There are 2 protein chains.
Amino acid sequence: MSDLILRDATIADLPAILAMLAEETIPPGREAGPDDPRYMAAYEAIEIDPNQRLIAAELNGRVVGTMQLSFLPGLSFKGSWRGLIEAVRIVRDLRGQRLGERMILWAVEQCRVRDCKLVQLTSSASRTDAHRFYARLGFVQSHVGMKLHLRD
Amino acid sequence: MSDLILRDATIADLPAILAMLAEETIPPGREAGPDDPRYMAAYEAIEIDPNQRLIAAELNGRVVGTMQLSFLPGLSFKGSWRGLIEAVRIVRDLRGQRLGERMILWAVEQCRVRDCKLVQLTSSASRTDAHRFYARLGFVQSHVGMKLHLRD
């Protein structure tokens with residue numbers, strides 16, 4: 001894994017990222033085909049926003065992981081920024097090799113660079129292995145995560 | 001409560017909002033005095049960002065509640081936006097009067113206006129009354145919320 005590169009994604013990375021996002025979704029089949037124009041609109045919305053970063057993890061020229069980082073201003077904690085990690089994915093054939101650890105530690109470092117007071121994320125309640133993974137990296141399961149779906 | 005007004009906060013609302021945020025914090029005493037310049041910097045960061053809204057709930061000319069809404073672009077769910085609700089507070093003497101319900105239902109409506117696919121929030125694991133409150137409004141406790149504090 002010494003050649004792992006973590007960087008902002010480009011349009012050229014989008015097919016690989018969308019393929020990872022379409023795997024093992026909850027619920028299954030929630031994504032559209034990669035040519036759906038809504039993905040390009042979303043990519044552009046992320047791209048133009050200085051507080052949003054879509055990340056590609058590249059290994060030997062192949063995009064093998066992705067995540068989205070959001071930097072959120074707020075009044076709490078003496079006016080602190082907070083980092084939010086969403087949509088973490090790793091290609092199936094490279095799981096269990098601590099790639100995720102490298103990605104999350106790098107993400108935390110990016111949040112430090114942006115002077116965030118804290119980093120937060122939510123993880124599906126059923127994914128207890130993911131909870132243990134994040135706990136090993138120092139995350140504390142202090143909250144419940146609640147979602148309200150507005151449409152299909 | 002018929003005169004409740006929900007609107008974007010202005011600088012004039014900041015002292016009342018900061019007073020609410022400083023009450024009952026976890027951990028206690030985590031906030032600074034309202035004149036700390038970091039609060040004004042945070043207010044300005046929210047103010048200039050079209051995807052951030054600091055909300056004031058006003059009743060008979062008094063600011064009685066606050067929350068922050070964030071609108072997040074993302075690739076998941078066919079490139080959907082999601083709404084994030086943070087820092088919900090109501091003044092102590094007006095709790096238990098369904099003011100919070102009015103605020104959250106309004107927040108959800110704002111997320112619909114922005115075409116969000118879902119609304120998400122985290123709530124301290126210890127606040128089971130808050131979990132029941134959000135569940136009554138349709139939120140599902142599908143996730144765990146994990147936080148990593150980077151500094152004091």
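Please read all numbers here as calculations on a predicted model, not as lab measurements. Reminder, nothing fancy here: chain letters follow the sequence lines and each chain counts from 1.
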Report the option among [options] that has the most heavy-atom pairs separated by less than 4.5 Å from atoms of chain B.
options                              : answer
A:Pro50, A:Ser124, A:Cys111, A:Ala32 : A:Ser124
A:Arg38, A:Gln52, A:Lys78, A:Met40   : A:Lys78
A:Gly138, A:Ala42, A:Gly145          : A:Gly145
A:Gly79, A:Ser123, A:Cys116          : A:Ser123
A:Ala125, A:Ser80, A:Pro37, A:Ala45  : A:Ala125
A:Leu118, A:Leu121, A:Leu148         : A:Leu148

For each of [options], tally heavy-atom pairs with chain A at distances under 4.5 Å, and name the one with the top tally.
options                     : result
B:Ser70, B:Ala87, B:Gly74   : B:Gly74
B:Gly83, B:Pro73, B:Ala130  : B:Pro73
B:His131, B:Arg30, B:His149 : B:Arg30

Point to revise | Any donor-acceptor N or O pair under 3.5 Å, side chains B:Arg53, B:Gln68 | key: no
Exercise for review: Taking atom types as modelled, find out whether A:Gln120 and B:Glu86 have a side-chain donor-acceptor pair closer than 3.5 angstrom.
Suggested key: yes
Practice item. Take A:Asp93 and A:Arg62, measure what salt bridge (Lys or Arg N to Asp or Glu O under 4.0 Å) needs, and give me the verdict at the end. Key: CA-CA 12 Å; A:Asp93 61 294; A:Arg62 176 188 176 204; 2.8 Å; yes
Between [X] and chain A, which part of the residue has a heavy atom less than 4.5 Å away: side chain, backbone, both or neither?
X        : result
B:Leu137 : backbone
B:Ala41  : neither
B:Arg127 : neither

Taking [Y]'s backbone N and O only, do any of them form a donor-acceptor pair with [X]'s side chain (distance below 3.5 Å, no angle check)?
X        : Y        : answer
A:Tyr43  : B:Leu75  : no
B:Arg95  : B:Ile90  : yes
A:Thr122 : B:Val144 : no

Review point. Under a 4.5 Å heavy-atom cut-off, does chain B meet the side chain of A:Leu21, its backbone, both or neither?
Key: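 Contact with chain B is through the side chain of A:Leu21 alone.
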Review point. Between A:Arg7 and A:Asp13, is the closest basic N to carboxylate O distance under 4.0 Å?
Key: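 Judged by the 4.0 Å cut-off on N to carboxylate O distance, A:Asp13 and A:Arg7 do form a salt bridge.
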**Study point:** Shared hydrophobic cluster for A:Val88 and B:Phe77 (ILVMFWY, side-chain gaps under 4.5 Å)
**Key:** no
Check your understanding: Going by heavy atoms in the side chains, are A:Glu58 and A:Val64 under 4.5 Å from each other?
Key ->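 Answer no - side chains too far apart.
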